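Heads up, the thing below is written out as structure tokens.
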Protein chains: 2
Amino acid sequence: MFLVPLDDDFCCPPFLRVELDEAEAEELAAVMKALADPVRLRLVSTVANAESGEVCACDLPALLGRSQPTMSHHLGQLVQAGILEREQRGKWAWFRLRHDRLARLGSLFVAAEP
Amino acid sequence: MFLVPLDDDFCCPPFLRVELDEAEAEELAAVMKALADPVRLRLVSTVANAESGEVCACDLPALLGRSQPTMSHHLGQLVQAGILEREQRGKWAWFRLRHDRLARLGSLFVAAEP
DNA sequence: GAAACATATTGACAGATGTCGAACTGTCTG
DNA sequence: CAGACAGTTCGACATCTGTCAATATGTTTC
């Protein structure tokens, strides 16, 4: 299956124009689930809006008001879901968006024009 | 929200180019949560692909292989999240997508220029 | 190597979630 | 009104989830 941006000349398509079978629904739900949490959404939003396009894990507990293990847990979820990628640089762990994966997901939410 | 065939010539769409505060994240997470379930995704996909744009609840248990109370539960979630709307017609309940809400959801995910 | 720091893993726990059968409510049709 | 049918609500249960303190692992610096 996959979720991809629309053609430019594509107007007013209905929502989710594909019949999902059980396996596809399961797969898509897993990604959505990873995003269906306020802390993780803010995490993604933080990374997406970072100047450099990446964020150091070290800043996150203070920024989002959760303990360090909790942040680590959420980061792990996002990496596993393919939403973030992780790079170790010295002592620090840096996180970036996986635009390739998000492009598909983002296209899920493209609004129908009237 | 669209699911379309793969297309090669796209690059790096923006994603969640908005800094979410705690309340916004909570609100968005609630909607995502409603979509983050395989049965509910298939439900939405079924409604979206219906000829008439709507689906009778009576068909859903057989179609998706869950008990009738379970379907009712999921439909309730989607209605409460503002993803579906419900109309009672005689004995039957019919469900439609709420394109207005879905469009708004889309605007958060795919926003500005790179 | 030891000490210090960044992050991950573990263990525990309260709360949420998906599921179904049973019972209830509402709507038609004789 | 009574019976049949469509859906919701309730109760119960197993499972999953977010959270944190404690501990472990890994990296750098002295």
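In what follows, every chain begins at residue 1, and chains take the letters A, B, ... in the order their sequences are listed. Worth saying up front: this structure is predicted, and the values here are computed from it rather than measured.
Taking only side-chain atoms of A:Gln88, from C-beta outward, the nucleotide of C:dT9, D:dG7, D:dT27 with the closest atom is D:dT27. Out of D:dG7, C:dT7, C:dT19, the shortest distance to the side chain of A:Cys58 is found at C:dT7. The side chain of B:Val39 lies closest to C:dT19 when the candidates are C:dA6, C:dA8, C:dT19. Listed candidates were C:dG18, D:dT9, C:dA8. Nearest to the side chain of A:Ser72 is C:dA8. When each of C:dA6, C:dA8, D:dG7 is scored by its nearest atom to the side-chain atoms of B:Arg86, the top-ranked nucleotide is D:dG7. Picking from C:dT17, D:dG7, C:dT7 the nucleotide with the shortest atom distance to the side chain of B:Lys33 gives C:dT17. Distance from the side chain of A:Ala93 is smallest for C:dT7 among the nucleotides D:dA6, D:dG7, C:dT7.
In this entry the distance linking CZ of B:Arg66 with P of C:dT19 reads 5 Å, nearest Å. What separates CG of A:Leu43 from P of C:dT7 is a distance of 13 Å, to the nearest Å. One can place NE2 of A:His73 at 8 Å from P of D:dT17, the figure rounded to the nearest angstrom. Note: CH2 (A:Trp94) to P (C:dA6) measures 12 Å, nearest angstrom. Between the P atom of C:dA8 and the CD atom of A:Gln80 lies a distance of 13 Å, rounded to the nearest Å. Distance, A:Trp92 CH2 to D:dG26 C1': 14 Å, rounded to whole Å. Counting to the nearest Å, the C1' atom of D:dC16 and the CZ atom of A:Arg40 are 12 Å from each other. Taking atom CE of residue A:Met71 and atom P of nucleotide D:dG18, one finds them 12 Å apart after rounding to whole Å.
For the pair A:Ser67 and B:Phe95, nearest-nucleotide mapping onto DNA chain D gives the more 5' position to B:Phe95. Mapping A:Gly90 and B:Asp59 onto DNA chain D by nearest heavy atom places B:Asp59 closer to the 5' end of the strand.
Of the side-chain N and O atoms in B:Thr70, none sit less than 4.0 angstrom from OP1 or OP2 of C:dT19.
Put simply, the side chain of A:Pro69 does not reach to within 4.5 Å of the side chain of A:His73, judged on heavy atoms.
A:His74 comes within 4.0 angstrom of sugar-phosphate atoms only, judged by non-hydrogen atoms across all strands, and of no base.
Taking 4.0 Å as the cut-off between side-chain N and carboxylate O, B:Glu22 and A:Arg66 count as a salt-bridged pair.
Here the CG-CE distance, from B:Leu43 to B:Met71, works out to 3.5 Å after rounding to the nearest 0.5 Å.
Summarising the geometry of B:Pro38 relative to A:Glu26, their closest heavy-atom pair is CG-OE2, 3.4 Å, with the distance given to 0.1 Å. Between A:Val31 and A:Ile83, the closest heavy-atom pair is O-CD1, 4.0 Å.
Side-chain N/O atoms of A:Gln68 and base N/O atoms of C:dA8 include a donor-acceptor pair closer than 3.5 Å.
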